[in-house]
Participant: 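Pasting a structure below so you can have a look.
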Amino acid sequence: VRLVESGGGQAQPGGSLTLSCVASGFTFSGYTMAWFRQVPGKEREGISFITWKDLKTGYADSVKGRFTISRDNSKKILYLKMENLRPEDTALYSCAKASYYEDLVETYSPERFSFWGQGTRVNVSC
């Protein structure tokens with residue numbers, strides 16, 4: 001299993017970035033996927049998920065209305081479009097796969113996910 005994130009970097013408040021997560025080594029189309037972020041000294045925060053079956057999505061209140069998760073099963077890529085960025089969005093962003101194939105996971109609770117990528121860093125400042 002491999003998950004490789006990219007697309008992070010520096011952004012100004014109000015700006016946008018799109019993160020990508022390229023998956024390999026497993027049947028991507030059969031797993032709920034999610035994005036998490038972590039700030040040093042704080043716990044990992046789940047921010048969004050997208051299911052495998054009906055592409056249902058969910059968002060944490062902190063990003064709802066600003067971030068959009070999507071997936072391309074043919075390319076095995078997970079995306080996170082981030083708009084109207086805020087300084088508090090500064091973090092290491094990682095994608096993750098659910099623990100079980102074709103499991104009806106509709107959450108971004110970490111206990112339902114078993115593998116994370118190394119992450120891509122996002123810094124939002126003037």
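Since we're looking at a predicted model, the values are computed, not measured.
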Participant: Quick check: closest heavy atoms across S94 and G119, and the distance to 0.1 Å?
Facilitator: OG-CA, 3.5 Å

Participant: Please answer whether the main-chain N or O of S109 pairs with a side-chain N or O of T107 as donor and acceptor at a distance below 3.5 Å.
Facilitator: yes

Participant: So if you build clusters from Ile, Leu, Val, Met, Phe, Trp, Tyr with side-chain heavy-atom gaps below 4.5 Å, do I69 and F115 land together?
Facilitator: yes

Participant: Whether the S125 and Q10 side chains hold a donor-acceptor pair (N or O, under 3.5 Å, no angle test) is what I'd like checked.
Facilitator: yes

Participant: Please state whether the rings of W116 and F36 are parallel, tilted or perpendicular, taking 30° and 60° as the class boundaries.
Facilitator: perpendicular

Participant: Connecting only ILVMFWY residues whose side-chain heavy atoms lie within less than 4.5 Å of each other, what is the rest of Y79's hydrophobic cluster?
Facilitator: V22, I77

Participant: Answer yes if Y101 and L3 sit in the same cluster of Ile, Leu, Val, Met, Phe, Trp and Tyr residues linked by side chain heavy atoms under 4.5 Å apart, and no otherwise.
Facilitator: yes

Participant: Is any side-chain heavy atom of L17 closer than 4.5 Å to a side-chain heavy atom of L85?
Facilitator: yes

Participant: Compare all side-chain heavy atoms of Y31 with those of T51 and state whether any distance is below 4.5 angstrom.
Facilitator: no

Participant: Quick one: OG on S20 to CG on D72, what's the gap to the nearest 0.5 Å?
Facilitator: 10.5 Å

Participant: Could you tell me whether the side chain of W35 reaches within less than 4.5 Å of the side chain of L78, counting heavy atoms only?
Facilitator: yes

Participant: Can you name the nearest heavy-atom pair linking G46 to A60, along with the distance?
Facilitator: O-CB, 3.8 Å

Participant: Do D61 and K64 sit within salt-bridge range, that is, some charged N less than 4.0 Å from a carboxylate O?
Facilitator: yes

Participant: Give the minimum heavy-atom separation between S114 and A98, together with the two atoms involved.
Facilitator: OG-O, 3.8 Å

Participant: Take E106 and T32, measure what side-chain contact (heavy atoms from CB on, under 4.5 Å) needs, and give me the verdict at the end.
Facilitator: CA-CA 8 Å; E106 297 183 357; T32 289; over 6 Å; no

Participant: With side chains defined as the heavy atoms from C-beta onward, is the minimum distance between V105 and F113 less than 4.5 Å?
Facilitator: yes

Participant: Any chain of hydrophobic side-chain contacts (each under 4.5 Å) joining I47 to I50?
Facilitator: yes

Participant: Would you call M33 and F28 a side-chain contact if the rule is heavy atoms closer than 4.5 Å?
Facilitator: yes

Participant: Do the side chains of W52 and R71 get nearer than 4.5 Å, heavy atoms only?
Facilitator: yes

Participant: Taking the side chain as everything from C-beta on, heavy atoms only, tell me whether K81 gets closer than 4.5 Å to F67.
Facilitator: no

Participant: Do other residues, nucleotides or ligands put more than 12 heavy atoms under 6.0 Å from the CD atom of E43?
Facilitator: no

Participant: Looking only at heavy atoms, what is the nearest atom pair of M82 and Y93, with distance?
Facilitator: SD-CE2, 3.9 Å

Participant: Please report the interatomic distance OG(S99) to CD(E111), rounded to the nearest 0.5 Å.
Facilitator: 9.5 Å

Participant: Under the criterion side chain to side chain contact (heavy atoms under 4.5 Å, CB included), which of D89, V122, L80, T90 is the partner of R37?
Facilitator: D89

Participant: Does E5 reach the side chain of L19, with side-chain heavy atoms less than 4.5 Å apart?
Facilitator: no

Participant: Going from CD on Q118 to OG on S6, what distance comes out if it is rounded to the nearest 0.5 angstrom?
Facilitator: 13.5 Å

Participant: Are K53 and E102 ion-paired here, with the side-chain N under 4.0 Å from a carboxylate O?
Facilitator: no

Participant: Assess whether a salt bridge exists between E83 and R66, defined as any Lys/Arg side-chain N lying under 4.0 Å from an Asp/Glu carboxylate O.
Facilitator: no

